[in-house]
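What follows is a set of notes on a single structure, which appears directly below.
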Amino acid sequence: MTTTDTVRKADADSVPAVPRKRRRGAASGGLRRAIPATTLLWVLAALYGVPVVWFVLSSLKPAGDLFSLPLTVFPDDPTLSGYKEAWASANFSGYFINTIIVCVIATILTVGVSCCTGYALAKYDNKWLKAFFLCILATTMLPAEVMLAPLFLVVRDLGLYNSLSGIILPALLTATGCFMFRQFFLTVPDELIEAARIDGAKELSIFLRIMVPLSRPIMLTLAILSFQWRWNDYIWPLLMLNDPEKFTVQIGIQSLVGAQNINWSVLLGGSVISMVPLIVVFLVFQKYVMNADINAGLKD
């Protein structure tokens with residue numbers, strides 16, 4: 001090989017590679033495939049969003065304008081009188097405190113119990129655990145109303161009637177939470193646990209230092225769902241509580257309904273007030289769920 005050939009080869013290697021241009025046909029084809037899906041999502045968003053927007057805008061209307069014909073979406077004379085009267089006519093501050101106590105404690109305990117149960121069901125091979133898992137799943141096949149009577153008798157005999165503890169304790173173990181954590185822990189390779197055991201880690205240390213951090217997306221998702229379930233629960237608190245000082249928000253909204261007539265402006269205002277904490281919780285925790293990497297720390 002001559003010196004000239006060597007120089008030419010070096011010059012050719014030093015020239016940066018020019019990126020290839022994406023073909024216009026491929027880009028347009030991807031755009032065409034995305035249009036139907038995007039259109040469907042916008043249609044679904046409108047179907048779900050329009051009633052909510054109408055509901056919120058109706059809460060800003062005076063009571064006489066709610067049923068005036070023709071019906072209008074936007075209020076002609078917006079007013080906050082429904083919100084003010086709803087807050088003044090009911091002990092909403094006390095209802096909010098009671099409901100927040102129930103939701104926060106129940107959510108923390110539900111996530112913790114479901115995480116422990118799901119890990120045991122996924123990573124320990126025992127026939128009794130399998131039978132227990134089948135029993136948990138069987139509860140999803142029964143209507144909630146069927147379980148109200150026996151659950152009420154158990155809670156009453158435990159001395160928890162007319163207390164917030166009687167609302168919190170029955171909500172600790174949920175089939176949905178156990179199933180979510182079990183399915184997630186099944187995707188975690190057993191080699192990761194075996195490697196930790198070889199390094200001398202104890203079972204509790206493996207669970208708290210490895211499994212719990214990996215399951216953070218599932219924990220946040222279940223926390224949002226659990227908070228929503230407890231906040232919107234109406235039947236069970238209605239059965240368990242008879243002291244107005246311990247009522248939750250949903251029972252407080254029901255107290256706005258009169259025996260002979262219904263002030264819809266006040267009822268709509270109270271309903272919108274009860275929605276605010278759920279929206280705040282979802283907006284705060286949504287980014288953590290969406291941006292979490294479920295496979296963090298795992299290798300193929």
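We use all heavy atoms of the structure for the numbers below, so side chains are in, but hydrogens, waters and symmetry mates are not.
- Atom CH2 of Trp87 is surrounded by more than 12 heavy atoms from other residues, nucleotides or ligands within 6.0 Å.
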| said: side chain to side chain contact (heavy atoms under 4.5 Å, CB included), that's the test. Do Phe179 and Thr140 meet it? Break it down for me. | reply: CA-CA 11 Å; Phe179 184 78; Thr140 61; over 6 Å; no
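- Under the 3.5 Å distance criterion, the side-chain polar atoms of Ser274 are left unmatched by any main-chain donor or acceptor of Val249.
- Summarising the geometry, atom CG belonging to Leu238 is positioned 5.0 Å from atom CD1 belonging to Ile251; distances are rounded to the nearest 0.5 Å.
- Linking ILVMFWY side-chain heavy atoms closer than 4.5 Å, directly or via other members, places Tyr124 and Val113 in a single hydrophobic cluster.
- Side-chain contact between Ile100 and Trp231: present, with at least one pair of heavy atoms (C-beta onward) separated by less than 4.5 Å.
- Between Lys123 and Asp190, the closest side-chain pair of non-hydrogen atoms falls below 4.5 Å.
- A donor-acceptor contact under 3.5 angstrom links the side chains of Ser58 and Trp54, judged on distance only.
- Between the Asn98 side chain and the Glu245 main chain, a donor and an acceptor come within less than 3.5 Å of each other.
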Show your working on side chain to side chain contact (heavy atoms under 4.5 Å, CB included) between Tyr119 and Glu203 and close with a plain yes or no.
CA-CA 11 Å; Tyr119 175 71; Glu203 294 298 322; 4.1 Å; yes
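- Taking the centre of each ring, Phe152 and Tyr161 come in below the 6.0 Å mark.
- No donor-acceptor pair under 3.5 Å is formed between the side chain of Thr107 and the backbone N or O of Val104.
- Side-chain atoms of Leu225 and Thr174, non-hydrogen and from C-beta on, never get closer than 4.5 Å to each other.
- Atom CZ of Arg197 sits in a crowded spot, with more than 12 heavy atoms from other residues, nucleotides or ligands closer than 6.0 Å.
- Side-chain atoms of Ser163 come within 3.5 Å of backbone N or O of Leu160 as a donor-acceptor pair.
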